[in-house]
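See structure below.
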Protein chains: 2
Amino acid sequence: MGMDETVAIAKALADRTRLRILMALTGGELCVCQIVEFCSLAPSTISKHLQILAGCGLISGRKDGRWVYYHLSEKDATKNVRGALKWLRSSFSDDAHSSIDMKTLEKVVAKDREALCRSQSKK
Amino acid sequence: MGMDETVAIAKALADRTRLRILMALTGGELCVCQIVEFCSLAPSTISKHLQILAGCGLISGRKDGRWVYYHLSEKDATKNVRGALKWLRSSFSDDAHSSIDMKTLEKVVAKDREALCRSQSKK
DNA sequence: TTGACAGTTCGTCATGTGGCGAATTATAGT
DNA sequence: ACTATAATTCGCCACATGACGAACTGTCAA
């Protein structure tokens with residue numbers, strides 16, 4: 001506990017891509033391939049971001065077969081993490097751009113998950 | 001407004017020195033030379049940190065003669081900044097290390113301000 | 001007006017960070 | 001067992017960041 005934890009959390013939040021991931025996860029858990037599609041970045045890049053977010057407890061992963069689903073930490077999180085997520089939620093709620101981004105997300109979620117993964121492997 | 005502001009705030013918080021400055025300022029405004037002493041870093045380094053914190057509205061400066069005093073933003077801050085500061089306050093309050101740091105700060109504040117500046121110019 | 005000095009800005013350097021593709025790991029289907 | 005594939009890890013590169021000292025700016029005192 002202490003300042004180092006706070007620095008780690010702030011570092012995790014100090015990146016646009018990671019904030020977009022967290023914002024996307026406010027709608028519920030997502031598969032890695034969905035996050036990759038949403039962010040339009042390489043799977044290796046997204047995986048690294050997810051490790052950073054999970055490393056300080058902001059998100060948690062759940063493995064289901066070949067797929068891994070990530071979700072925001074809730075009750076299980078430290079008080080510090082919960083405070084950070086609370087700030088983020090209020091920040092997103094008065095963010096005009098978020099709503100545009102959320103539409104992008106809806107399109108991704110609407111796609112069939114298997115078709116999505118197949119389309120990624122073609123690249 | 002929006003995500004860019006949130007990223008800027010998070011970047012500003014993503015550094016141990018800047019967090020220590022913010023923590024110190026929770027006790028009220030401080031002169032730059034006091035912050036320099038508290039952090040044990042070069043004035044140019046501290047100045048840069050203060051510009052970053054002020055740049056996203058977390059702190060404000062007040063010039064008084066040759067001295068500049070910085071303080072945490074309050075009512076004048078955006079909702080986003082106020083949310084971030086609220087998170088930080090709760091974070092500092094359960095930080096065991098903060099109390100040690102605050103004693104360091106007390107010693108700095110206890111020193112005569114002019115004597116402090118003189119001792120710095122000797123270096 | 002000249003000198004001293006608080007603070008900022010500038011130039012430089014070492015280190016940290018985000019991006020990608022290639023290689024690796026683990027799981028599902030044939 | 002073998003192949004395909006979701007995800008992670010590794011190695012690399014370009015760029016951002018934090019540190020310093022030197023130079024600059026503005027203000028007070030002699």
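This is a predicted model, so every value here is computed, not measured. Hydrogens, waters and symmetry mates are skipped; everything else that's a heavy atom, side chains included, is used. Below, read A as the first sequence line, B as the second, and so on, with proteins coming before strands; counting in each chain starts at 1.
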Please produce a list of atom pairs where a protein N or O lies less than 3.5 Å from an N or O of nucleotides 9-12 of chain C.
none

Between the protein and nucleotides 23-27 of chain C, which nitrogen or oxygen pairs are less than 3.5 angstrom apart?
{"from": "dA26(C)", "atom 1": "O3'", "to": "Lys63(A)", "atom 2": "NZ", "distance (Å)": "3.4"}

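Qualifying side-chain contact (heavy atoms from CB on, under 4.5 Å) partners for Val68(B), counting only residues two or more places apart in sequence or in other chains: Val32(B), Lys63(B), Tyr70(B). Under the side-chain contact (heavy atoms from CB on, under 4.5 Å) criterion, Ala8(A) pairs with Cys56(A), sequence neighbours left out. The salt bridge (Lys or Arg N to Asp or Glu O under 4.0 Å) test applied to Glu74(B) returns Arg89(B), not counting sequence neighbours. In this structure Glu106(A) satisfies the side chain to side chain donor-acceptor pair (under 3.5 Å) test with no other residue, sequence neighbours excluded.
Using a 4.0 Å heavy-atom cutoff across all strands shown, Ile46(B) reaches no nucleic acid atom at all.
Using a 4.5 Å cut-off on side-chain heavy atoms (C-beta onward), Thr26(B) and Leu88(B) make no contact.
A distance-only check finds no donor-acceptor pair linking the side chain of Ser60(A) to the backbone of Ser73(A) [under 3.5 Å].
Across all non-hydrogen atoms, the minimal contact from Asp4(B) to Arg16(A) is OD1-NH1, 2.6 Å.
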Which pairs of donor and acceptor atoms, one on a side chain in residues 77-87 of chain A, lie under 3.5 Å apart (sequence neighbours left out)?
{"from": "Thr78(A)", "atom 1": "OG1", "to": "Glu5(A)", "atom 2": "OE2", "distance (Å)": "3.0"}
{"from": "Thr78(A)", "atom 1": "OG1", "to": "Val81(A)", "atom 2": "N", "distance (Å)": "3.1"}
{"from": "Lys79(A)", "atom 1": "NZ", "to": "Asp94(B)", "atom 2": "OD1", "distance (Å)": "3.4"}
{"from": "Asn80(A)", "atom 1": "OD1", "to": "Trp87(B)", "atom 2": "NE1", "distance (Å)": "2.9"}
{"from": "Asn80(A)", "atom 1": "ND2", "to": "Thr6(A)", "atom 2": "OG1", "distance (Å)": "3.0"}
{"from": "Arg82(A)", "atom 1": "NH1", "to": "Ala77(A)", "atom 2": "O", "distance (Å)": "2.8"}
{"from": "Trp87(A)", "atom 1": "NE1", "to": "Asn80(B)", "atom 2": "O", "distance (Å)": "3.1"}
{"from": "Trp87(A)", "atom 1": "NE1", "to": "Asn80(B)", "atom 2": "OD1", "distance (Å)": "2.9"}

For residues 38-52 of chain B, dump all side-chain donor-acceptor pairs below 3.5 Å to protein atoms at least two apart in sequence or in another chain.
{"from": "His49(B)", "atom 1": "ND1", "to": "Arg18(B)", "atom 2": "NH1", "distance (Å)": "3.1"}
{"from": "Gln51(B)", "atom 1": "NE2", "to": "Ser47(B)", "atom 2": "O", "distance (Å)": "3.2"}

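The side chain of Arg18(A) contributes an N or O atom lying less than 4.0 Å from OP1 or OP2 of dG18(C). Between His49(B) and dA19(D) there is a side-chain polar atom (N or O) within less than 4.0 angstrom of OP1 or OP2.
Closest to the side chain of Cys33(A), out of dC20(D), dA7(D), dG18(D), is dA7(D).
Following rounding to the nearest Å, Leu50(B) (CG) and dT17(D) (P) show an atom-to-atom distance of 17 Å.
Comparing the end axes of the helix from dT1(C)-dA30(D) to dT30(C)-dA1(D), each fitted to five base pairs by superposing C1' atoms of four pairs onto the next four, gives an inter-axis angle of 30° (nearest 10 degrees).
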